[in-house]
Amino acid sequence: QGNNVFMNVAAKGILRPTRELNLYGRIGGGIGSINWTNNPSSNNSCNNQVSAVGLVGLGVGYSITQNLELHLEDNAYIP
């Protein structure tokens, strides 16, 4: 079973404890695909369903220069 998200849109709230460090959270939604395989008695079937998904995420960003920032982010997609 797998969950793939094709596209998402989210609002992002940012806290800046220092000039170089950003802490942020995201909430929004997207379009995703849920794939699953069923194998009863070696009779394989594969299903694919495209649907809307919810999105929540947390992340941290570190500014290396004024135009370059590294990000570490974790998102959860909710079918």
Side-chain angles (χ1 to χ4, degrees):
Q1 181 176 353
N3 188 3
N4 302 306
V5 175
F6 303 128
M7 182 182 303
N8 68 57
V9 62
K12 184 176 180 180
I14 302 171
L15 295 174
R16 298 181 197 262
T18 68
R19 185 175 170 195
E20 295 84 16
L21 188 65
N22 297 324
L23 303 174
Y24 60 89
R26 297 177 56 199
I27 187 166
I31 302 295
S33 171
I34 300 172
N35 305 306
W36 67 92
T37 303
N38 194 1
N39 187 7
S41 303
S42 299
N43 186 6
N44 291 332
S45 66
C46 183
N47 297 303
N48 186 12
Q49 177 182 354
V50 175
S51 63
V53 295
L55 161 73
V56 292
L58 294 173
V60 62
Y62 182 77
S63 297
I64 296 172
T65 69
Q66 183 178 359
N67 298 318
L68 182 62
E69 188 172 85
L70 292 177
H71 288 266
L72 177 62
E73 182 175 296
D74 189 21
N75 294 310
Y77 296 100
I78 304 160

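Each residue takes its place number in the sequence, starting with 1.
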Correct closest heavy-atom pair for Asn75 and Gly57 would be OD1-CA, 3.5 Å

Can you give me every donor-acceptor pair (side chain of residues 19-32, partner residue at least two apart or in another chain, under 3.5 Å) with its distance?
unit_1: Asn22; atom_1: OD1; unit_2: Arg16; atom_2: NH1; d: 3.0
unit_1: Asn22; atom_1: ND2; unit_2: Glu69; atom_2: OE2; d: 2.7
unit_1: Tyr24; atom_1: OH; unit_2: His71; atom_2: ND1; d: 3.1
unit_1: Tyr24; atom_1: OH; unit_2: Glu73; atom_2: OE1; d: 2.7
unit_1: Arg26; atom_1: NH1; unit_2: Glu73; atom_2: OE2; d: 2.7
unit_1: Arg26; atom_1: NH2; unit_2: Asn8; atom_2: OD1; d: 3.0

Under a side-chain separation threshold of 4.5 Å, the hydrophobic residues clustered together with Leu58 are none

Path from Met7 to Val9 over hydrophobic side-chain contacts below 4.5 Å: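 Different clusters.
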
